[in-house]
Amino acid sequence: MPSLRHTIADDLRGQIITGSLKAGERLPSEPRLAADYKVSTPTLRNALALLQAEGLIEKIHGKGNFVRHPLRRLTYTGGRLTPDADLHVTIRTTNLRARGDLIPLLKVPSRTPLTEFLCLTHQGERPHSLARIYVPQDLAPAELPWCRPGWAESRETVTARLPTPEDASTLRISSTLAVLAITRVSSDTTGRVVEAARLVLPGDRANALFITHHTTEERGTEE
């Protein structure tokens, strides 16, 4: 027998699929929905969480729950996005020195000068994904995307985890929504690591992506 949260989720899902609840429409308040379904507010929120995980609704802090517009499928292939993707990227460039887990990731000595490209991708006004790209300063390009001649190998690892507080704030997602964490390390023909990149992608969104074009660039320095 279905649980109450699944019964409520099934009913709301049906309304979304049939168009009774339209894309962009705000759902009734949680207390109102809880009263309509004759359940407690926690049970109602558990039902909404199921629909959030499916990408059917999104909760906007201070505004309520909204039916999401259909997601456009975006493909991440070899570190590049399909050319028709309706995305833009803001890039902030910072100079820093290797420390912590960047040292083994880039295979460099401690405090080696690096350039970090912090890339926040938007689809419309909505944050879509977050990437940090680290490049030794003597190899750093003037802008991204880039491809250094002589790249011989790229290795990627993918894990699922809960977002950090910074991830959740930047991407405007719930702290309980799992994200995909993709790490890519690229080496040249000599075995030198020429780029290490980390992508954070909310699990309820399109296929993973990386860098498109950039719209604005900020520069800073951190020692």
Side-chain angles (χ1 to χ4, degrees), residues 1-77 81-90 119-131 157-182 198-210 212:
M1 181 176 178
S3 64
L4 285 174
R5 66 170 183 161
H6 284 94
T7 300
I8 296 168
D10 288 345
D11 183 59
L12 291 172
R13 187 185 300 107
Q15 294 182 54
I16 294 171
I17 292 173
T18 60
S20 297
L21 289 171
K22 295 179 171 52
E25 184 176 343
R26 182 180 182 275
L27 273 63
S29 69
E30 292 178 0
R32 170 67 184 277
L33 284 172
D36 288 346
Y37 285 108
K38 298 181 174 57
V39 296
S40 66
T41 300
T43 297
L44 186 278
R45 287 176 177 167
N46 286 337
L48 296 178
L50 294 175
L51 300 179
Q52 291 166 6
E54 294 173 19
L56 293 176
I57 67 172
E58 65 177 331
K59 184 171 185 176
I60 301 177
H61 182 69
K63 294 184 178 180
N65 295 286
F66 293 81
V67 179
R68 294 183 60 175
H69 290 275
L71 290 176
R72 186 173 182 177
R73 297 297 288 180
L74 305 169
T75 304
Y76 169 69
T77 306
L81 188 68
T82 50
D84 61 342
D86 181 22
L87 297 175
H88 64 277
V89 179
T90 298
C119 310
L120 181 59
T121 302
H122 286 77
Q123 188 167 25
E125 296 183 356
R126 181 167 177 262
H128 188 279
S129 62
L130 174 66
T157 58
V158 181
T159 59
R161 59 170 173 80
L162 292 176
T164 65
E166 182 182 4
D167 293 338
S169 175
T170 302
L171 295 169
R172 287 186 269 169
I173 59 175
S174 167
S175 59
T176 62
L177 177 65
V179 298
L180 291 179
I182 302 171
R198 289 169 167 162
L199 171 73
V200 177
L201 183 77
D204 67 339
R205 300 188 183 165
N207 288 350
L209 58 92
F210 221 77
T212 57

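Excluded from the calculations below are hydrogen atoms, water molecules and symmetry mates; all remaining heavy atoms, backbone and side chain alike, are included.
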> Counting N and O atoms only, with roles assigned by atom type, does the side chain of S169 sit under 3.5 Å from a partner on the main chain of P165, one being a donor and the other an acceptor?
Replying inline: no
Do [X] and [Y] come close enough that some side-chain heavy atom pair is under 4.5 Å?
| X | Y | value |
| --- | --- | --- |
| I8 | N46 | no |
| Q52 | L177 | no |
| V200 | P163 | no |
| I182 | L201 | no |
| L51 | N65 | no |
| I16 | E25 | no |
| R161 | D167 | yes |
| Y37 | D11 | yes |

> Taking it one step at a time, do L120 and L171 satisfy side chain to side chain contact (heavy atoms under 4.5 Å, CB included)?
Replying inline: CA-CA 9 Å; L120 181 59; L171 295 169; 4.1 Å; yes
>> Within the supplied structure, the quantity of interest is the number of heavy atoms (other residues, nucleotides, ligands) at a distance under 6.0 Å from R32 CZ; does it exceed 12?
In response: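 Count not over threshold, so no.
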>> The test is side chain to side chain contact (heavy atoms under 4.5 Å, CB included); show your working for E30 and L48 and say whether it passes.
In response: CA-CA 9 Å; E30 292 178 0; L48 296 178; 3.9 Å; yes
Return the minimal non-hydrogen interatomic distance between [X] and [Y], and the atom names on each side.
| X | Y | answer |
| --- | --- | --- |
| L50 | A9 | CD1-CB, 4.0 Å |
| S175 | L162 | O-CD2, 3.9 Å |
| R5 | A47 | O-CB, 3.3 Å |

Out of curiosity, [X] [atom1] to [Y] [atom2], how far, rounded to the nearest 0.5 Å?
| X | Y | atom1 | atom2 | result |
| --- | --- | --- | --- | --- |
| L12 | L56 | CG | CG | 10.0 Å |
| C119 | R198 | SG | CZ | 14.0 Å |
| R172 | H128 | CZ | NE2 | 13.0 Å |
| T121 | L130 | OG1 | CG | 8.0 Å |

